[in-house]
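Reviewing the structure listed below.
Sequence lines set the chain letters: A, B, ... in the order given, protein chains first and strands last, and positions in each chain run from 1. Values below: all heavy atoms of this structure, side chains included; hydrogens, waters and symmetry mates excluded. No experiment lies behind these values; they were computed from the predicted model shown.
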Number of protein chains: 2
Amino acid sequence: MNHYATIKDIARILKISTSTVSRALRDTYDVSKETKEKVLAVAAELNYKPNYNATALARGSTYNIGIILPMINNYYFSTVLTGIQEAAYSKGFNIVLFITNNSAERELAIIQNLFITSLDGLLVCISSDSDSCSHFQEIIDSGCPVVFFDRVPSNIKTSTVIQDDFNGAFEAVEHLIANGYTRIAHIAGPQGMVFTERRVEGYLAALQKNNFPIRKEWIIYSGFSQEDGERDTCRLLDGKERPDAIFAANDRKAIGAMLALKSRNIRIGKEIGVVGFTNDPMSAIITPSLTTVAEPAFEIGRESCELLIKHIKKKNFIPEEKVFPAKLIVRESSIKK
Amino acid sequence: MNHYATIKDIARILKISTSTVSRALRDTYDVSKETKEKVLAVAAELNYKPNYNATALARGSTYNIGIILPMINNYYFSTVLTGIQEAAYSKGFNIVLFITNNSAERELAIIQNLFITSLDGLLVCISSDSDSCSHFQEIIDSGCPVVFFDRVPSNIKTSTVIQDDFNGAFEAVEHLIANGYTRIAHIAGPQGMVFTERRVEGYLAALQKNNFPIRKEWIIYSGFSQEDGERDTCRLLDGKERPDAIFAANDRKAIGAMLALKSRNIRIGKEIGVVGFTNDPMSAIITPSLTTVAEPAFEIGRESCELLIKHIKKKNFIPEEKVFPAKLIVRESSIKK
DNA sequence: TATTTTGCCGGGAACGCTCTCACAAATAAA
DNA sequence: TTTATTTGTGAGAGCGTTCCCGGCAAAATA
């Protein structure tokens, strides 16, 4: 490794003790102005850099927080991560990033090999088919604060940050109904995930409120990708009864749906309405533009991180549950005109 | 911090020395099978986790690499980061992420406060207006391997990984010429950046090869965003002589250009051709679909990281320069038909 | 003047681990 | 049997900090 000057070097040069140097560098009061200045001068001259590992070992706390994400190469997660980073940076924390690729195995491997002793806290969005909750529980029990966001486990008591999936879905479906669509299908996320269920519940609640029948075959659970959306839509179109609107669990699936409709020359909006969820920039670019439910991704990331840091700073925190509102953004894909 | 069992605890229980425990856990040969098994059993029972900071301090090397990126919430960088993460994970390295928000000040602040002693290496894409090269030089001189990718500084001798910007731009413009466009403008990235210049050079070389005149007013330097592309395009359209094709330095700018053309009811392709650079998924979604030059983002990330790890493992490396080919993807926006 | 307070500093243990060296016991070679 | 080699283990220093404790002079108070 690179060899930098240490406080011992500074102490030797100034013929003072290492403790004094340490105090001077940390700007503690117990040191005279002159020696402090001398120390800082020598430190600058030697290009002194504090050894993070030594500090962490001595103090018992690193300024690192671990982030576990299913993926980062889409709008939502990259924006969340940007928000996390913003909060961490402003509070002097570093981010150690882990990506699970939506794989439960990988998530498990990461957690097991996680050098948890070098992290002050953990921010996690569980992978879609995750079943590693007991491992998280173990980490929490050991005293390491953990905050979950977006995809949260149902059976762990700790802080969570999510968007209002139920009301977002509810509003989306009500909007479709208000615009004259009567046969509304839902292409959902993977079964078993909390946010999938909440969005389904919002969908169902809107149907019930308006006295629309519920058709099981019009709720299709699958993955998050554009291809999943395309496949789900084809299944719907090939069914006995064709819906006249599709509410998708996210924008990628909605875009997949739109591509499927386009390839069959079905006019989006006029013949079949489409609403997504996320407000991916793509939704504004695609033709026709996609009506969607906006999630405050940046804010969710920032808030999650701030909450975690709060927990790190005062232990014995009481878990909080933060819910961000989701906002309907009406565009062309859901207007019959 | 969380309190975990240490090797001392294990040693005390088994009445052996800490050195033996250390050896057993690291699976060194210098320990008998029985004691090793006993140690592992006790370690598992106590839920022993190695203290990363202590290990790093004693060994003089962490398994952390720092990543400095201008931003991550777009296709290119989030995909590069995914590639980096893949390589790091498979080699047992952790990623510490820093984001500069395209700000030179922020980049400088990050570098200065970088706890460089806790990083084995650094992977960086400099921010657009970066002028902090001397700081990087200092880090390199101190013995910390640094690999630059995508946006590389021109005056630092170390390994770099980039795509073939010159030939990508050259092919894009040749393609436009081959499709009958004769007045080709270029909306470029920020002036002074290596990759901006290379793409401009490729653009100019293609014009020269085909004996097209070069018009300074048809080369506009600005930022990377969609809004920049929109603004640049409006300037071109409002100029004395209107171009019949626009080659944009990236897809975001190209999409901005398309939006500007659409809002003026200019038919993209037929009246004015557009070519981008990146192969952002949006380029396939937008109507008409956008012809672009694909960059192998994931591979660039993976390769950069592997190169860095190679440098970490054997010091006194000789700098390498890796260039990935860029590939033209023809779609609708550049076809007159 | 005697005593307490204050400001400044040094000594040294501690954090949890790795690694070198030394040494005894077991084995192989002479 | 003697000598050399291998194998398994322990002792202890060291990595670069922080932090508690105590000392000592100067200043403030009695």
Hits for salt bridge (charged side-chain N to carboxylate O under 4.0 Å, His left out) against A:Asp141, two or more places apart or cross-chain, chain-then-number order -> none

As a check of understanding: the bend across the helix from C:dT1-D:dA30 to C:dT27-D:dA4, end axes from five pairs, rounded to 10 degrees, works out to 50°

Q. Which word best sums up how the rings of A:Tyr63 and A:Phe93 line up, parallel for under 30°, tilted for 30 to 60°, or perpendicular for over 60°?
A. tilted

Of B:Thr20 and B:Ala54, the one whose nearest nucleotide on DNA chain C sits closer to the 5' end is B:Ala54

Comparing nearest nucleotides in DNA chain C, the 5'-proximal residue of the pair A:Asp30, A:Thr18 is A:Asp30

Bounded by its outermost nucleotides with an atom under 4.0 Å from a heavy atom of chain A, the footprint on DNA chain C reads C:dC8 to C:dG16

Going by atom types alone, do [X] and [Y] pair a side-chain donor with an acceptor below 3.5 Å?
X       : Y       : value
B:Thr20 : B:Ser17 : yes
B:Tyr52 : B:Asn64 : yes
A:Thr35 : A:Ser32 : yes

| message | Both conditions, 6.0 Å and 45 degrees, for the charged tip of A:Arg106 above the ring of A:Phe98: are they met here? | response | no

Ordered by number, residues from residues 6-15 of chain A within less than 4.0 Å of DNA chain D (heavy atoms) are A:Thr6, A:Ile7, A:Lys8

Ordered by number, residues from residues 31-38 of chain B within less than 4.0 Å of DNA chain D (heavy atoms) are B:Val31, B:Ser32, B:Thr35

What's the spacing between [X] [atom1] and [Y] [atom2] if we round to 0.5 Å?
X        : Y        : atom1 : atom2 : answer
A:His135 : A:Ile111 : NE2   : CD1   : 7.0 Å
A:Ser78  : A:Met71  : OG    : CE    : 9.5 Å
B:Thr158 : B:Leu308 : OG1   : CG    : 9.0 Å
A:Leu97  : B:Ile72  : CG    : CD1   : 8.0 Å

[X] with [Y]: basic N within carboxylate O range, under 4.0 Å:
X        : Y        : value
A:Glu303 : A:Lys322 : yes
B:Lys310 : B:Glu320 : yes
B:Glu45  : B:Lys38  : no

Taking any heavy-atom pair under 4.0 Å as a contact, classify [X]: base, sugar-phosphate, or nothing.
X       : result
A:Thr55 : sugar-phosphate
B:Arg26 : sugar-phosphate
B:Tyr52 : nothing

### Message
Looking at A:Phe324, I want to see if its CZ is surrounded by more than 12 non-hydrogen atoms of other residues, nucleotides or ligands under 6.0 Å.
### Response
yes

When A:Pro50 and B:Ser19 are each assigned the nearest nucleotide of DNA chain D, the 5'-most assignment goes to B:Ser19

(request) List the steps and the verdict of side chain to side chain contact (heavy atoms under 4.5 Å, CB included) for B:Asp150 and B:Ile300. (result) CA-CA 8 Å; B:Asp150 189 41; B:Ile300 287 174; 5.6 Å; no

Span of DNA chain D engaged by chain B, first through last nucleotide within the 4.0 Å heavy-atom cut-off, is D:dG8 to D:dG16

Task: side chain to side chain contact (heavy atoms under 4.5 Å, CB included) between A:Ile95 and B:Val96, intermediate numbers included - done: CA-CA 5 Å; A:Ile95 282 177; B:Val96 185; 5.8 Å; no

